[in-house]
Every structure is written in structure tokens, then in C-alpha cells.
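Reviewing the structure listed below.
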Amino acid sequence: MIPVHERIEQIRVQKGVPKAFLARRLGITPMGYHYLATGRSPISTDRLQVIAEALGVDPRDFLCPELNNSVSKGKDESQTA
């Protein structure tokens with residue numbers, strides 16, 4: 001399983017969002033964001049929500065994307081049945 005901070009960085013890079021933008025949204029310095037992005041500082045659920053909103057994703061996508069995909073597919077299948 002990929003650590004949360006690494007998953008955030010994967011999504012951030014995929015979406016082309018600058019680190020400085022996320023730092024501003026979180027109200028922290030770029031160095032503060034660096035500590036979050038490298039796993040040196042813990043990421044609170046409040047900050048996780050802010051990051052998710054800034055990236056336009058569901059916060060659960062940072063935790064376990066494989067599980068979320070299977071749960072989402074299961075919901076889709078049960079709704080169409």
C-alpha cells in the first residue's frame with residue numbers, strides 16, 4: 001500500500017498542481033508543505049480534506065485507491081441490478 005503522502009504527491013503531479021498552491025491553500029509555508037509531502041509531518045484529516053478539495057478528488061482516494069475502486073464498482077453493479 002502506498003503511504004498517504006506519496007499518493008497525494010502522485011495525484012498532485014498528475015493534475016499539474018504546484019506545491020506552492022497547496023501550501024497556500026493549507027495556510028503553510030512551502031517548506032511546511034515539503035514536510036507533509038515527504039512524510040516528515042503528519043497530515044491531519046482537516047488538512048487531508050483541504051488537499052482533496054484543492055485537487056478535486058475524494059479524500060478516500062489518498063487512502064487506498066484499489067479498495068475505493070472495488071467498492072465504487074460494487075455500488076454501481078448493485079444499482080444497475
Side-chain angles (χ1 to χ4, degrees):
M1 186 161 110
I2 301 172
V4 172
H5 67 277
E6 289 181 17
R7 183 71 181 129
I8 290 170
E9 283 300 288
Q10 284 178 343
I11 294 170
R12 182 191 66 75
V13 170
Q14 286 173 351
K15 293 191 170 262
V17 175
K19 292 177 185 180
F21 173 77
L22 287 180
R24 281 192 306 271
R25 291 288 299 265
L26 291 166
I28 60 176
T29 65
M31 183 55 76
Y33 181 78
H34 171 76
Y35 286 128
L36 291 176
T38 57
R40 290 182 178 168
S41 292
I43 302 173
S44 68
T45 54
D46 291 339
R47 284 189 170 167
L48 200 61
Q49 181 66 41
V50 171
I51 293 168
E53 289 172 2
L55 295 176
V57 298
D58 188 307
R60 294 175 292 182
D61 291 341
F62 302 136
L63 304 176
C64 188
E66 298 82 15
L67 178 59
N68 289 333
N69 289 339
S70 66
V71 170
S72 295
K73 288 177 185 172
K75 284 182 182 177
D76 292 341
E77 291 170 5
S78 66
Q79 289 175 352
T80 58

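Residues: numbered from 1 along the sequence shown. None of the values given here were measured: they were computed from a predicted structure.
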Side-chain (Arg12) to main-chain (Val17) donor-acceptor, under 3.5 angstrom: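 Answer holds: yes.
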
Side chain of Arg25, backbone of Val50: donor and acceptor closer than 3.5 Å?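 No: the side chain of Arg25 does not pair with the backbone of Val50.
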
State, yes or no, whether a side-chain contact exists between [X] and [Y] at a heavy-atom distance under 4.5 Å.
X: Phe62; Y: Val57; result: yes
X: Leu36; Y: Ile28; result: yes
X: Glu9; Y: Lys19; result: yes

What distance separates [X] [atom1] from [Y] [atom2], expressed to the nearest 0.5 Å?
X: Ile11; Y: Glu6; atom1: CD1; atom2: CD; value: 12.5 Å
X: Ile8; Y: Ile51; atom1: CD1; atom2: CD1; value: 4.0 Å
X: Leu48; Y: Leu26; atom1: CG; atom2: CG; value: 10.0 Å

State which residues pass side-chain hydrogen bond (donor to acceptor under 3.5 Å, both in side chains) with Glu53; sequence neighbours excluded, sorted by chain then number.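 Applying side-chain hydrogen bond (donor to acceptor under 3.5 Å, both in side chains) to Glu53 gives Gln49.
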
For Arg47, all residues meeting salt bridge (charged side-chain N to carboxylate O under 4.0 Å, His left out), sequence neighbours excluded: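 Arg47: no salt bridge (charged side-chain N to carboxylate O under 4.0 Å, His left out) contacts found.
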
Residues sharing Tyr35's hydrophobic cluster, by side-chain heavy-atom contacts under 4.5 Å among ILVMFWY, directly or via others?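 The other cluster members (ILVMFWY side chains, heavy atoms under 4.5 Å, direct or chained) are Met31.
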
Nearest heavy atoms of Arg7 and Ile2, plus distance in Å: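 Closest heavy-atom pair between Arg7 and Ile2: N-CG2, 3.8 Å.
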
